[in-house]
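Residues take their numbers from the sequence shown, with the count starting at 1. Remember, it's 1-based here, ligands and their atoms both numbered in the order they're listed.
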Amino acid sequence: MISREQEAFGVYVHWPFCLSKCPYCDFNSHVRHAPVDEERFVRAFTREIETTAARTPGRQVSSIFLGGGTPSLMAPQTVGAVLDAIGKHWSVAPDVEVTLEANPTSVEATRFRGYRTAGVNRVSLGVQALDDSSLKALGRLHSAREALDAVAIARTAFDRYSFDLIYARPDQTPAMWTDELKLAISEAAEHLSLYQLTIEEGTPFFGLHAAGKLKTPDEAMARALYDVTQEVCAAHGLPAYEISNHARLGAECKHNLVYWRGEEYAGIGPGAHGRLDIDGFRHATATEKRPEAWLMRVEANGHGVVTDDLLNSEERADEFLLMGLRLAEGIDPKRYAALSGRALDPNRIKVLREEGAITVDADGRLRVTQSGFPVLDAVVADLAA
Ligand SMILES: C[S@@+](CC[C@H](N)C(=O)[O-])C[C@H]1O[C@@H](n2cnc3c(N)ncnc32)[C@H](O)[C@@H]1O
Ligand code: SF4
């Protein structure tokens, strides 16, 4: 059995503020017109880290992810104080990966060196698109030039960086996307996150879409755009290691692998989720989402946790399947059987193999194929039934 020290343990820290709200985004992000009291947040983050660490003694932190919102609005000293608190209350692996999500504006890029000095060793930039009209339509505050300049600064400040693009945008064709993707790959070093535009309920895009004023690609076009993504990235040495994430071999985001491999992680800050193994049970935790309400809870109770559910074996196994099948490496069905107490149905596996949606390796690992990925939800539902 692998000892605790050798297992991955991630810490996610959520910074819930943005300069403006993008019309497609349903992340827990808020716009505030008065300055945010960062010192008060540092005190609250520190307390919640201390409380969470007391529930999970003996862990060694293998990855930290400062996500948002827009964490690049934090002062470097704020980031440094949060990282110090993590190092004080948990032990931290010598090769810890510390990622910070940044918006690619010129103002934010001026802080990159400060983040590196604070202990960040990887940035993930929300570039979203490489042409100005798309950026405007997405409600972004930066131009393509500014974003590429921020990428160039990231390259000088960090050994590791990644950026995000959103595709399957209105009126985007495979030819346009191919050109944009090739430009992105020439600017990317080792990692790219490529998300299909999702119309999220409750966002301005949802209303526009429902009213017929925002036309997204139909299923066939979305599929063609997805296929182009896989082909162009693989041909340039950035194959998908997860449904929306591409990396050179060995450059995968360690932190996100923690989620997809069903490993353990702590969620710190407003609206953060965690999965903690305590006394042999897996806890699914979530904190208060509203930033000021979260602050008050932490100040009163030492933590902002509002949900702390014990997952039963079936829930654990379903989550393992749902997350693990997103990965190109797939899952080990023996692990599924150990978690759920029952093996996956061989007949369902046979049918899905015949349909070309999954493969089973010689060593027994089960993987979703390129044609299975666009219908991943149906594949998972079928296997879990
Ligand atoms: C939490 S956001 C943070 C990044 C940072 N705040 C920014 O916008 O640059 C993470 C990524 O999710 C993606 N994303 C957010 N909403 C999306 C949507 N509705 N459809 C597709 N991708 C989305 C974007 O690519 C974004 O960069
Ligand atoms: S996409 Fe990023 S910047 Fe835009 S609202 Fe969401 S978290 Fe904030």
Measure the distance from atom 21 (C) of ligand 1 to every protein heavy atom, then report the residue, atom name and distance (to 0.1 Å) of the closest one. Gln196 O, 3.4 Å

Counting non-hydrogen protein atoms only, what is the nearest one to atom 11 (C) of ligand 1? Give residue, atom name and distance. Asp164 OD2, 3.3 Å

Find all atoms of ligand 1 within a distance of less than 4.0 Å from any non-hydrogen atom belonging to Tyr195, and give their numbers and elements. 13 (C), 21 (C), 22 (N), 25 (O)

Which value, rounded to the nearest 0.5 Å, describes the distance between Leu138 atom CG and Cys22 atom SG? 8.0 Å

How about Gln370: does its CD atom have over 12 heavy atoms from other parts shown lying under 6.0 Å from it? yes

Tell me, do Thr156 and Arg113 make a side-chain contact under 4.5 Å, heavy atoms counted? yes

Tell me which protein heavy atom sits closest to atom 20 (N) of ligand 1, plus the residue, atom name and distance to 0.1 Å. Thr198 N, 3.0 Å

A quick test of your reading: do over 12 heavy atoms of other residues, nucleotides or ligands sit less than 6.0 Å from CG of Asp171? no

From the list Val13, Val11, Thr99, side chain to side chain contact (heavy atoms under 4.5 Å, CB included) partner of Phe65 resolves to Thr99

For atom 1 (C) of ligand 1, closest protein heavy-atom neighbour: Gly68 O, 3.0 Å

I'd like to know if Glu187 pairs up with Arg155 as an ion pair, taking the criterion as any Lys NZ or Arg NE/NH1/NH2 lying under 4.0 Å from an Asp or Glu carboxylate oxygen. yes

Give the residue, atom name and distance (to 0.1 Å) of the protein heavy atom nearest atom 1 (S) of ligand 2. Tyr24 OH, 3.4 Å

Side chains of Arg160 and Glu97, heavy atoms from C-beta outward: is any pair under 4.5 Å? yes

Find all atoms of ligand 1 within a distance of less than 4.0 Å from any non-hydrogen atom belonging to Gly69, and give their numbers and elements. 3 (C), 5 (C), 6 (N)

Please state which protein non-hydrogen atom is closest to atom 3 (C) of ligand 1 and give its distance, to 0.1 Å? Glu101 OE1, 3.3 Å

Could you list which atoms of ligand 1 come closer than 4.0 Å to a heavy atom of Arg140? 7 (C), 8 (O), 9 (O)

Which residue and non-hydrogen atom of the protein lie closest to atom 2 (S) of ligand 1, and at what distance in Å? Phe27 CE1, 4.1 Å

Heavy atoms of Leu276 and Ala266 approach each other most closely as CD2-CA, 3.9 Å

Thr70 heavy atoms, cut-off 4.0 Å: which ligand 1 atoms fall inside? 6 (N)

Between Phe41 and Phe17, is the ring-ring contact (aromatic ring centres under 6.0 Å, His included) condition met? List the steps. CA-CA 12 Å; Phe41 270 91; Phe17 302 110; 5.5 Å; yes

Greater than 12 external heavy atoms within 6.0 Å of Arg248's CZ: yes

Arg342 and Ala385 have their tightest heavy-atom pair at NH1-O, 3.9 Å

Kindly indicate whether the side chain of Ile331, heavy atoms from C-beta on, has any atom under 4.5 Å from the side chain of Leu344. yes

Report the nearest protein non-hydrogen atom to atom 25 (O) of ligand 1: residue, atom name, distance rounded to 0.1 Å. Gln128 OE1, 2.7 Å

Atom 2 (Fe) of ligand 2: which protein heavy atom is closest, and how many Å away? Arg140 NH1, 4.0 Å

Which heavy atom of the protein is the closest neighbour of atom 16 (N) of ligand 1, given with residue, atom name and distance? Tyr24 CD1, 3.4 Å

Between Tyr161 and Arg122, is any pair of side-chain heavy atoms under 4.5 Å apart? no

Quick one: name the protein N/O/S atoms under 2.8 Å from atom 8 (Fe) of ligand 2, chain by chain. Cys18 SG

Flag Asn103 as yes when one of its N or O atoms lies below 3.5 Å from any N or O atom of ligand 1, and as no otherwise. yes

